[in-house]
Amino acid sequence: MRQRSERRAAISCPQTTALLAWYDRHHRRLPWRVVPGEHPDPYRVWLSEIMLQQTTVKAVAPYYARFLTHWGDVRALAAAALDEVLKSWAGLGYYARARNLHACARAVVERHGGEFPNSEAELRALPGIGAYTAAAIAAIAFDAPATPVDGNIERVIARLYAVDLPLPDAKREIHRLASALTPRRRAGDFAQAMMDLGATICTPRKPACALCPWHKGCAAHARGDVEAFPRRMPKREGALRRGAAFVALRTDGCLLLRARPAKGLLGGMTEVPTTEWLEEFDERKARAGAPHLSAGQSNRRVAWRRIPGTVRHVFTHFPLELSIYAAVCPARTSAPDGMRWAALDHIAGEALPSVMRKVIAKVVADGRTGDRTTAKIQNRKDLR
DNA sequence: GAATCGTGGGG
DNA sequence: TCCCCAAGATT
């Protein structure tokens with residue numbers, strides 16, 4: 001972490017003034033923003049900032065609304081069970097955020113009496129709040145002269161000054177440059193103004209420089225190669241991993257599920273049973289890893305059927321290809337240790353990450369499980 | 001400092 | 001189809 005005292009414009013420089021004026025006219029209307037002049041609820045600012053980490057505004061909006069209907073303040077969220085939070089977060093990705101969100105709510109109640117602290121340092125000490133988010137909350141919720149630097153601001157600043165050093169090494173320099181522009185008053189508006197500028201004008205590709213309040217002083221624009229900034233270090237791509245996933249359907253309309261380990265990839269989320277996901281994948285061995293399902297005394301193993309094709313999914317650091325197996329078993333089939341039967345009618349409420357919904361949807365689309373169960377899930381829309 | 005950690009949309 | 005990357009944090 002970098003907690004250095006930053007130099008700020010004693011009086012707003014012309015650049016700062018111009019951007020704030022632009023923001024007053026062209027700011028985005030977003031669900032977590034309040035009308036100018038009103039003080040935002042720190043809980044809502046925090047909730048939106050956590051959700052917006054590496055996540056688009058469009059994706060966040062419905063989740064934000066749903067969270068507020070369930071948990072209107074930090075005490076309500078702190079009192080919730082983690083499982084319920086994970087269920088509401090399912091599909092949004094980066095699930096450590098949900099675990100930290102819950103831990104943070106409890107920390108705010110226990111350490112701070114249910115009120116968010118207003119200093120960057122205290123915010124930074126809370127779970128899931130890093131340098132960016134601490135500065136963002138301080139500036140937006142408490143109007144403190146802090147300088148959050150997100151991907152938008154990195155791009156805007158890198159272009160404005162034609163920063164040649166590639167990211168992520170340039171982060172320090174970009175933060176210094178952004179700090180120097182941050183006004184003592186309206187720091188929150190200034191930060192949001194740069195984000196809005198980056199999101200609507202100074203976009204990664206095909207920026208609308210003609211509409212930019214900063215284009216006259218923009219070094220990258222003067223050079224004529226705006227899109228070349230920010231420079232970035234090339235990133236290695238992860239090797240393909242493979243695995244098998246097993247979708248067991250019971251004739252009474254239930255699906256076999258289990259919980260993933262609390263930490264790590266998709267930590268704490270729900271899944272259908274799967275093998276490990278490895279670069280070295282042996283389909284024959286994988287098949288042997290299918291859950292052993294038998295019903296009552298008859299003790300006949302259910303047959304697993306390979307669904308043609310695969311399910312592909314791309315995680316941040318590796319692509320995944322899953323072979324899918326399906327089985328239909330009698331209603332009295334019991335669940336193996338550590339697994340449970342979940343009603344398909346309530347599958348939408350399960351903490352299933354997107355990759356698992358894809359897997360289940362694949363079986364549904366295949367549509368050859370051959371009984372009423374198929375018809376039941378084929379009618380469900382929440383699998384997409 | 002480098003790896004890990006999701007997902008969906010846009011060009 | 002492929003590639004980029006979005007209001008980053010944690011270990």
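Residue numbering restarts at 1 for every chain, and letters A, B, ... go by the order of the sequence lines.
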NA contact type, [X], heavy-atom cut-off 4.0 Å: base, sugar-phosphate, or nothing?
X        : result
A/Leu266 : sugar-phosphate
A/Pro148 : nothing
A/Val60  : nothing

If we take the P atom in both C/dC3 and B/dG6, what is their distance in whole Å?
22 Å

Between B/dA2 and C/dA7, how far apart are the two P atoms, rounded to whole Å?
25 Å

What residues form a side-chain hydrogen bond (donor to acceptor under 3.5 Å, both in side chains) with A/Arg232, not counting sequence neighbours?
none

Decide, yes or no, whether a salt bridge links A/Glu271 with A/Arg258 under the criterion of side-chain N to carboxylate O below 4.0 Å.
yes

Integer-rounded Å distance: [N] [atom2] and [X] [atom1]:
X        : N      : atom1 : atom2 : result
A/Leu265 : B/dT7  : CG    : P     : 8 Å
A/Arg99  : C/dT10 : CZ    : P     : 12 Å
A/Lys171 : B/dG1  : NZ    : P     : 12 Å
A/Trp89  : B/dC5  : CH2   : P     : 17 Å
A/Arg236 : B/dG1  : CZ    : C1'   : 11 Å

Establish, yes or no, whether the cationic atom of A/Arg250 lies under 6.0 Å from the six-membered ring centre of A/Trp341 and within 45° of the ring axis.
yes

Please confirm whether A/Arg231 makes a cation-pi placement over A/Phe229, using NZ or CZ under 6.0 Å from the six-membered ring centre and within 45° of the ring normal.
yes

OP1, OP2 of B/dG6 versus side-chain N and O of A/His313: anything below 4.0 Å?
no

Does the side chain of A/His317 get closer than 4.0 angstrom to OP1 or OP2 of B/dC5 through an N or O atom?
yes

Result for 5'-nearest mapping on DNA chain B, choosing between A/Lys206 and A/Gly91, is A/Gly91

Surrounding CD of A/Glu115 (heavy atoms of other residues, nucleotides or ligands, distance under 6.0 Å), is the total greater than 12?
no

Salt bridge (Lys or Arg N to Asp or Glu O under 4.0 Å), paired with A/Glu154, selected from A/Arg159, A/Arg172, A/Lys171:
A/Lys171

For residues 87-96 of chain A, which residue pairs pass the side-chain hydrogen bond (donor to acceptor under 3.5 Å, both in side chains) check, not counting sequence neighbours?
A/Glu84-A/Lys87, A/Tyr94-A/Thr316

Using a 4.0 Å heavy-atom cut-off, write out nucleotides 1-9 of chain C from 5' to 3' as B (base contacted by protein), S (sugar-phosphate only) or - (no contact).
----SBBBS

